[in-house]
**Student:** 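Pasting a structure below so you can have a look.
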Amino acid sequence: MVELLRDQPYRAGELAERVGVSPAALSRHLRTLKAEGLIEEIHPPYDARVRIYALKAGAMAGLKAWVDETEQLWADQLAALKAHVEAPR
């Protein structure tokens, strides 16, 4: 769902169809993503019953920072292991 919303906003029904889940299951996922501040719900001015979901700008910044830090940690750990294994004995 996040990958789809990264490209463009979708109505709930469109998301359910594209992801292949029931509307009830989709609703639970959307509620969780909204609660975590990753997506936002937009009501177009022409019909308040329509809900369009979009990825919030910058919503993934914290996750990206964590992934970058974790990647650097593992790169450092693997480099240290390589140096240890290749060190003359």
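The first residue in the sequence is number 1, and the count goes up from there. Hydrogens, waters and symmetry mates are skipped; everything else that's a heavy atom, side chains included, is used.
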**Student:** Check this for me: Glu36, atom CD, are more than 12 non-hydrogen atoms of other residues, nucleotides or ligands nearer than 6.0 Å?
**Tutor:** no

**Student:** Taking only distance into account, with no hydrogens and no angle test, what donor-acceptor pairs under 3.5 Å do side-chain atoms of residues 18-32 form with protein atoms, sequence neighbours excluded?
**Tutor:**
{"from": "Arg18", "atom 1": "NH1", "to": "Tyr10", "atom 2": "OH", "distance (Å)": "3.0"}
{"from": "Ser22", "atom 1": "OG", "to": "Ala25", "atom 2": "N", "distance (Å)": "3.1"}
{"from": "Thr32", "atom 1": "OG1", "to": "Arg28", "atom 2": "O", "distance (Å)": "3.1"}

**Student:** Are any of the side-chain heavy atoms of Gln77 and Leu81 separated by less than 4.5 Å?
**Tutor:** no

**Student:** Pair up each side-chain donor or acceptor in residues 82-89 with any protein partner under 3.5 Å, not counting sequence neighbours, and list the distances.
**Tutor:**
none

**Student:** Sort out for me which residue in Lys34, Met1, Glu14 forms a side chain to side chain contact (heavy atoms under 4.5 Å, CB included) with Tyr53.
**Tutor:** Lys34

**Student:** Considering residues at least two apart in sequence or located in another chain, which fulfil the side chain to side chain contact (heavy atoms under 4.5 Å, CB included) criterion with Val2?
**Tutor:** Leu33, Leu55, Met60

**Student:** Side-chain heavy atoms nearer than 4.5 Å, only ILVMFWY residues, links allowed to pass through others: does that put Leu15 and Ile42 together?
**Tutor:** no

**Student:** Please list, chain by chain and in numerical order, all residues satisfying side-chain hydrogen bond (donor to acceptor under 3.5 Å, both in side chains) with Asp7, sequence neighbours excluded.
**Tutor:** none

**Student:** For Asp76 and Gln72, run side chain to side chain donor-acceptor pair (under 3.5 Å): C-alpha distance rounded to whole Å, both residues' side-chain angles, the deciding distance at 0.1 Å, then the answer.
**Tutor:** CA-CA 6 Å; Asp76 294 344; Gln72 186 60 52; 2.7 Å; yes

**Student:** Kindly write out the residues that satisfy side chain to side chain contact (heavy atoms under 4.5 Å, CB included) with His43, not counting sequence neighbours, or none if the list is empty.
**Tutor:** Glu41, Arg51

**Student:** With sequence neighbours excluded, tell me which residues meet side chain to side chain contact (heavy atoms under 4.5 Å, CB included) with Asp47.
**Tutor:** Arg49, Val50

